[in-house]
Amino acid sequence: GAVVSQHPSWVICKSGTSVKIECRSLDFQATTMFWYRQFPKQSLMLMATSNEGSKATYEQGVEKDKFLINHASLTLSTLTVTSAHPEDSSFYICSAMGAKISGANVLTFGAGSRLTVL
Amino acid sequence: GESVGLHLPTLSVQEGDNSIINCAYSNSASDYFIWYKQESGKGPQFIIDIRSNMDKRQGQRVTVLLNKTVKHLSLQIAATQPGDSAVYFCAEKGGSNYKLTFGKGTLLTVNP
């Protein structure tokens with residue numbers, strides 16, 4: 001149980017285009033979702049925290065107009081990289097926190113989405 | 001080992017040996033810690049966690065030790081197997097919303 005699905009798992013786009021990445025909690029309701037970015041051989045860096053139905057909270061140095069986050073339902077959050085440039089190429093990972101029917105809290109990571117901007 | 005620039009600390013062990021991976025955390029107010037395993041091209045996979053009111057917790061083949069005095073966390077893997085080869089991250093939680101701060105990571109290589 002507690003599965004988080006990310007889609008697409010990898011995407012290649014041209015510079016200047018926008019790319020949307022989806023993060024879905026499959027078997028629990030995610031009240032909070034977190035978006036991370038990971039460059040090669042580096043750690044995960046938190047970009048933003050999103051709560052269902054409210055605006056995302058961005059970490060210092062992360063441009064909210066560049067990385068649009070929408071958490072419209074308890075099972076879906078999306079990250080849109082707008083006007084992508086080669087320096088935005090990275091591994092984007094989401095995690096979801098919520099409660100299962102049993103009441104147990106869960107915090108689970110998705111498998112990540114590899115973005116390559118040409 | 002110490003991290004230098006962008007290079008991950010590395011640990012190389014022989015199959016069957018015990019592995020110890022260390023992590024220094026930054027926030028003395030952190031109350032919850034997690035070890036994750038990340039294989040190449042995949043998301044982090046939960047291994048074991050520990051709350052700040054404990055100093056040791058054991059799982060299957062893994063043990064986490066917490067030393068709050070020096071803000072140090074370690075992960076011990078018993079009888080390391082080739083399938084344990086991955087990057088291992090510690091993560092700390094300092095608030096109430098499960099916002100995690102990740103450590104630098106250690107690349108574990110298990111030689112058959």
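In the text below, chain A, chain B and the rest are named by the order of the sequence lines, each starting its count at 1.
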Check this for me: B:H72, atom NE2, are more than 12 non-hydrogen atoms of other residues, nucleotides or ligands nearer than 6.0 Å?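 Yes.
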What's the separation between atom CD in B:Q38 and atom OG in A:S43, rounded to the nearest 0.5 Å? 8.5 Å
Which atom pairs, donor and acceptor, lie under 3.5 Å between side-chain atoms of residues 59-67 of chain B and protein residues at least two apart or in another chain?
| unit_1 | atom_1 | unit_2 | atom_2 | d |
| --- | --- | --- | --- | --- |
| B:R61 | NH1 | B:A78 | O | 2.9 |
| B:R61 | NH1 | B:A79 | O | 3.3 |
| B:R61 | NH1 | B:D84 | OD2 | 2.9 |
| B:R61 | NH2 | B:D84 | OD1 | 2.9 |
| B:R61 | NH2 | B:D84 | OD2 | 3.3 |
| B:N67 | OD1 | B:T69 | N | 3.0 |
| B:N67 | OD1 | B:V70 | N | 3.3 |

With a 4.5 Å cut-off on side-chain heavy-atom distances among I, L, V, M, F, W and Y, is there a chain of contacts connecting [X] to [Y]?
X: B:I34; Y: A:Y36; answer: yes
X: B:L75; Y: B:Y25; answer: yes
X: B:I47; Y: B:Y32; answer: no
X: B:L107; Y: B:F102; answer: yes
X: A:L76; Y: A:L79; answer: no

If you apply the rule ring-ring contact (aromatic ring centres under 6.0 Å, His included), what do you find for A:F109 with B:Y36, and how did you get there? CA-CA 10 Å; A:F109 280 82; B:Y36 287 97; 5.1 Å; yes
Partner set under side chain to side chain contact (heavy atoms under 4.5 Å, CB included) for B:D31, not counting sequence neighbours: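 For B:D31 the side chain to side chain contact (heavy atoms under 4.5 Å, CB included) partners, ignoring immediate neighbours, are B:S52, B:K93.
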Give every donor-acceptor pair under 3.5 Å between a side-chain atom in residues 61-68 of chain A and any protein atom, sequence neighbours left out.
| unit_1 | atom_1 | unit_2 | atom_2 | d |
| --- | --- | --- | --- | --- |
| A:K66 | NZ | A:T82 | O | 3.1 |
| A:K66 | NZ | A:S83 | O | 2.8 |
| A:K66 | NZ | A:D88 | OD2 | 2.7 |

Qualifying residue, where the test is side-chain contact (heavy atoms from CB on, under 4.5 Å) with B:L100 and the options are A:L107, A:L46, A:L44: A:L107
Side-chain heavy atoms of A:Q38 within contact of B:F89, under 4.5 Å: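 In contact.
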Are A:M97 and B:K99 side-chain neighbours, meaning at least one heavy-atom pair lies under 4.5 Å? no
If you take all heavy atoms of A:G110 and B:P44, which pair is closest and at what distance? O-CD, 4.4 Å
Taking heavy atoms only and a threshold strictly under 4.5 Å, list by residue number the residues of residues 8-23 of chain A that touch chain B; give 'none' if the list is empty.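 No residue falls under the 4.5 Å cut-off.
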